[in-house]
Amino acid sequence: MLFMDDTRIKNFTSCFKEKKFLEFFFKRVKFNDTGRYQEEFPYVSPCGREKNYIRCDDLPIVFTHFLTKDSIEHLSYGYTDNLLTVKFEPGKLCMFPLSGRVYHPGPQKVGGVGLIKSALAIEISPYFRFSPEDPDHQNCPTHFDWKGTTYSLSNELVESLSQLSQTAKMSKCE
């Protein structure tokens, strides 16, 4: 959810909800290369001469739900329904077992990775498969069963995530 930085209570009632505004805002999100406030706000969403500096707990792109467009499954982000989507690629999902966070490819201008919302990650978590040699699930899952197909997980996002400054502290998958 998107909030003003000085919002004291952050919940559904205090976040931005207008889908067209959210689309406008999230389409412009990029790395903060302005030379100002880069440590505190690693991302920015420019609006003409105005700059909206962004900080987030993990990544600025958060996938909130599945939807189908032209019989192809997509992930929607930024609480915009069908206004901002990426094609769902089950074989490119990446789960960090220590944090439980699940990632999927996202827009390139913000590192090419987005976070799957916790509720959605919990919903799809039973479909992850781990190596039989990893009974305690200490490493990334190796497969994902989705709608009758088993996908071998590439875990290619691990490298992208390690390059993003706020996720560099995450545990890598072996």
Residue pair R55, Y37: steps toward the side-chain contact (heavy atoms from CB on, under 4.5 Å) verdict: CA-CA 10 Å; R55 77 171 107 223; Y37 316 117; over 6 Å; no
Would you say the side-chain atoms of D70 pair up with the backbone N or O of I72, donor to acceptor, closer than 3.5 Å?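 Looks like no, no N/O pair under 3.5 Å.
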Taking side chain to side chain donor-acceptor pair (under 3.5 Å) as the definition, give me every residue that meets it alongside E156, ordered by chain and number, with sequence neighbours left out.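 For E156, the residues satisfying side chain to side chain donor-acceptor pair (under 3.5 Å) (neighbours in sequence not counted) are S154.
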Counterpart residues, side chain to side chain donor-acceptor pair (under 3.5 Å), relative to K30 (two or more places apart):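 By the side chain to side chain donor-acceptor pair (under 3.5 Å) rule, K30 matches no residue at all.
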Find the distance between [atom1] ([X]) and [atom2] ([Y]) and round it off to the nearest 0.5 Å.
X: L93; Y: N155; atom1: CG; atom2: CG; value: 9.5 Å
X: F128; Y: Y151; atom1: CZ; atom2: OH; value: 13.0 Å
X: R28; Y: K51; atom1: CZ; atom2: NZ; value: 13.5 Å
X: H104; Y: K87; atom1: NE2; atom2: NZ; value: 9.5 Å
X: D58; Y: L115; atom1: CG; atom2: CG; value: 5.0 Å
X: F88; Y: H74; atom1: CZ; atom2: NE2; value: 12.0 Å

Around atom CD of E39, are there more than 12 heavy atoms from other residues, nucleotides or ligands closer than 6.0 Å?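 No - once you tally the heavy atoms of other residues, nucleotides and ligands closer than 6.0 Å, there are 12 at most.
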Determine all donor-acceptor pairs shorter than 3.5 Å in which one atom belongs to a side chain in residues 140-148; sequence neighbours excluded.
residue : atom : partner : partner atom : Å
T142    : OG1  : R129    : O            : 3.4
D145    : OD1  : T150    : OG1          : 2.7
D145    : OD2  : R129    : NE           : 2.7
D145    : OD2  : R129    : NH2          : 3.2
W146    : NE1  : E73     : OE1          : 3.0
K147    : NZ   : E73     : OE2          : 3.1

Indicate every side-chain donor-acceptor pair of residues 59-68 with a distance under 3.5 Å to a residue at least two apart or in another chain.
residue : atom : partner : partner atom : Å
T64     : OG1  : S76     : O            : 3.4

Side chains of T85 and K69: is there a donor and an acceptor less than 3.5 Å apart?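 On atom types as modelled, these side chains qualify, holding a pair under 3.5 Å.
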My understanding is that only residues two or more places apart in sequence, or in another chain, count here; which of them pass salt bridge (Lys or Arg N to Asp or Glu O under 4.0 Å) with K27?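 K27 satisfies salt bridge (Lys or Arg N to Asp or Glu O under 4.0 Å) with E23 only.
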Residues forming a salt bridge (Lys or Arg N to Asp or Glu O under 4.0 Å) with E123, sequence neighbours excluded: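 Salt bridge (Lys or Arg N to Asp or Glu O under 4.0 Å) check on E123 returns nothing, list empty.
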Heavy-atom side-chain contact between [X] and [Y] under 4.5 Å:
X: R36; Y: Y53; answer: yes
X: K109; Y: Y43; answer: no
X: C47; Y: N52; answer: yes
X: R101; Y: M95; answer: no
X: I54; Y: F41; answer: no
X: P105; Y: L157; answer: yes
X: V29; Y: S45; answer: yes

Cluster link I124 to I122, ILVMFWY, side chain under 4.5 Å: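 Different clusters: I124 never reaches I122 through Ile, Leu, Val, Met, Phe, Trp or Tyr contacts under 4.5 Å.
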With Y77 as reference, evaluate I116, L84, L83 under the side-chain contact (heavy atoms from CB on, under 4.5 Å) test and give the passing residue.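 For Y77, the side-chain contact (heavy atoms from CB on, under 4.5 Å) test succeeds with only one of I116, L84, L83, which is L84.
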For C94 against V158, the heavy-atom pair lying closest together: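 Nearest pair, atom of C94 first, then V158: SG-CG2, 3.6 Å.
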